[in-house]
Amino acid sequence: MQGLLEDLKNGFRGELLEQEPLSAHTSWKLGGPADLFLVPQNQADLQYALRVIKKNQQSWLVIGNGSNLLVSDTGFAGVVIQLGQLAKIAFLPGGKVEVESGVQLGHLIKLCCRKGLGGLEELSGIPGMVGGALLMNAGAIDTEIASLVSQVYLTAGQDEWALRCDQIDFEYRHSGLDGLGVITRALLQLKEDDPKELEERRLKILARRKEVQKVSGAHAGSVFKNPTGEKAWQLIDKAGLRGRRIGKAEVSTEHCNHIVNMGGASSADVLALIEEVQQAVLRTSRRQLELEVRLVGWKD
Ligand SMILES: Cc1cc2nc3c(=O)[nH]c(=O)nc-3n(C[C@H](O)[C@H](O)[C@H](O)COP(=O)(O)OP(=O)(O)OC[C@H]3O[C@@H](n4cnc5c(N)ncnc54)[C@H](O)[C@@H]3O)c2cc1C
């Protein structure tokens, strides 16, 4: 780690924090420290960081808003890179939008609606950055972000490369972008539409979400993917686990595919509850619930 720190101090221009608690960067408000936490200023800075991390053979992980992550209480042994400063958006002719991966999805949708570019509105209220949304193929109502993607750009430390949408295996809450490198930006194809109508639709979707997805406490949205043809929350409810608690982690009484940090939960509490839910649903409905949230920093 010492060699890496020296290399970073020589050429990295962004923010560099040591032993940064990841609980400050996850929607669950959980997770121990990362040895190093980097916020690159721009793409060149990101590429420099990736090169020296590789040279020093350190583990690394890129995150967005941490709204889909369960980080262990011991944290991440290595470097966490957060891309919030890669936040440029360019509106191009023909309804195309080039967007960097650190742009907040909600901000992008708002700007697009105001410019009369439709397609993304149904994703309003998903609290991720564009990079996280692409990696997870985030979706809501009848839209998945994949349906609007023309190209995705990645880097592994050298020059960027591009993948067309048809070269990426997008599935329900999954993309073939996993493990390829860091998503730096994307080219989206939107549809020209009336700005006033789009804005009204966006606000309606946000209001509806507030109404039906009222969950008190810190959480990470849906913990489990819906098995084909079924709803994970119904299977959990049927297993009698609504309101089940381990420590300060609770299966939400309002939406039982959410697990809530009631204040003072540990990541171990949440993981124990996840495992209990999986076992109970297997017992009662013979369904293996697959995780939608990503586990970070857990030993096998
Ligand atoms: C209140 C709430 C509501 C939610 N509602 C929805 C919903 O309706 N639909 C839905 O699909 N999801 C939902 N989610 C889950 C989550 O917001 C989405 O999965 C979101 O897209 C994650 O984005 P993020 O920036 O937080 O990614 P993170 O959680 O930070 O990361 C997710 C994964 O992406 C990887 N990653 C992030 N950025 C990059 C990058 N630039 N390059 C390569 N890999 C990257 C990370 O390593 C990690 O594996 C919800 C979450 C919450 C808390």
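Hydrogens, waters and symmetry mates play no part in the numbers below; they use all other heavy atoms, side chains included. Remember, it's 1-based here, ligands and their atoms both numbered in the order they're listed.
In this structure, atom 13 (C) of ligand 1 lies nearest to the protein heavy atom Ile126 CG2, 3.9 Å. When hydrogens are left out, the protein atom nearest atom 21 (O) of ligand 1 is Ala133 CA, 3.2 Å; that is the closest non-hydrogen contact. In terms of protein heavy-atom proximity, atom 31 (O) of ligand 1 is closest to Leu69 CD2, 3.9 Å. Summary of contacts: the protein heavy atom closest to atom 1 (C) of ligand 1 is His219 CE1, 3.4 Å. Scanning the protein for heavy atoms near atom 16 (C) of ligand 1, the closest one is Ser67 OG, 3.2 Å. Atom 41 (N) of ligand 1 has its closest protein heavy atom at Ile183 O, 3.0 Å. With respect to atom 49 (O) of ligand 1, the closest heavy atom belonging to the protein is Arg294 NH1, 3.3 Å.
Heavy-atom contacts of Ala220 reach the following atoms of ligand 1: 51 (C), 52 (C), 53 (C) (cutoff under 4.0 Å). Atoms of ligand 1 found under 4.0 Å from any heavy atom of Ser101 (numbered from 1 in listed order, with element): 41 (N). Residue Met136 has at least one heavy-atom neighbour below 4.0 Å for each of these atoms of ligand 1: 19 (O). For ligand 1 and Ser27, the ligand atoms under 4.0 Å from any heavy atom of the residue are 53 (C). Contact atoms of ligand 1 toward Leu83: 41 (N) (distance under 4.0 Å to a heavy atom of the residue).
When the heavy-atom distances from atom 46 (C) of ligand 1 to Leu135, Ile141, Val62 are ranked, the shortest goes to Val62. Closest to atom 37 (C) of ligand 1 by heavy atom, among Gly181, Gly128, Gly132, Gly66, is Gly132. The residue from Ala138, Ala140, Gly139 that puts a heavy atom closest to atom 9 (N) of ligand 1 is Gly139. Closest heavy-atom approach to atom 3 (C) of ligand 1 among the candidates Ser175, Ser222, Pro127: Pro127. Looking at Gly64, Gly84, Gly102 and measuring to atom 30 (O) of ligand 1, the nearest heavy atom belongs to Gly64.
A cation-pi arrangement is not found for Lys96 relative to Phe91, the charged atom failing to lie both closer than 6.0 Å to the ring centre and inside a 45° cone about the ring normal.
Within the 4.5 Å cutoff, side-chain heavy atoms of Leu163 are placed close to those of Leu180.
Remark: Lys225 NZ is packed, more than 12 non-hydrogen atoms of other residues, nucleotides or ligands lying under 6.0 Å away. Surrounding CG of Asp178 are more than 12 heavy atoms belonging to other residues, nucleotides or ligands, all under 6.0 Å away. More than 12 heavy atoms of other residues, nucleotides or ligands sit less than 6.0 Å from atom CD of Gln167.
Sorted pairs that involve residues 80-91 and meet salt bridge (Lys or Arg N to Asp or Glu O under 4.0 Å), not counting sequence neighbours, are lacking altogether.
Linking Ile, Leu, Val, Met, Phe, Trp and Tyr residues whenever their side-chain heavy atoms come within less than 4.5 Å leaves Ile183 and Ile81 in two separate clusters. A continuous path of ILVMFWY side-chain contacts below 4.5 Å connects Leu148 to Leu105, so both sit in one hydrophobic cluster. At a threshold of 4.5 Å between side-chain heavy atoms, the hydrophobic network of Ile, Leu, Val, Met, Phe, Trp and Tyr places Trp28 and Val296 in two separate groups.
Contacts with ligand 1 closer than 4.0 Å are made by side-chain heavy atoms of Leu61 only, the backbone lying farther away. Within the 4.0 Å heavy-atom criterion, neither part of Thr26 lies near ligand 1. By the criterion of a heavy-atom distance under 4.0 Å, both the backbone and the side chain of Met129 are placed next to ligand 1.
In terms of the salt bridge (charged side-chain N to carboxylate O under 4.0 Å, His left out) criterion, Glu6 has no residue partners (sequence neighbours excluded).
In this structure a side-chain-to-backbone donor-acceptor pair under 3.5 Å is missing from Asp237 to Arg242. Between the side chain of Asp45 and the backbone N or O of Arg13 there is at least one donor-acceptor pair closer than 3.5 Å.
For the pair Arg209 and ligand 1, a heavy-atom separation below 4.0 Å is found. In this structure, Gly125 falls outside the shell of residues with a heavy atom less than 4.0 angstrom from ligand 1.
In terms of polar-atom proximity, defined here as any N/O pair under 3.5 Å, Asn65 does make such a contact with ligand 1. Where the criterion is an N or O separation shorter than 3.5 Å, residue side chain and backbone included, Asn68 meets it with respect to ligand 1.
Closest non-hydrogen pair, Glu121 versus Ile205, comes out as O-CD1, 3.6 Å.
Aromatic ring orientation, His219 versus His258: parallel (interplanar angle below 30°, classes split at 30° and 60°).
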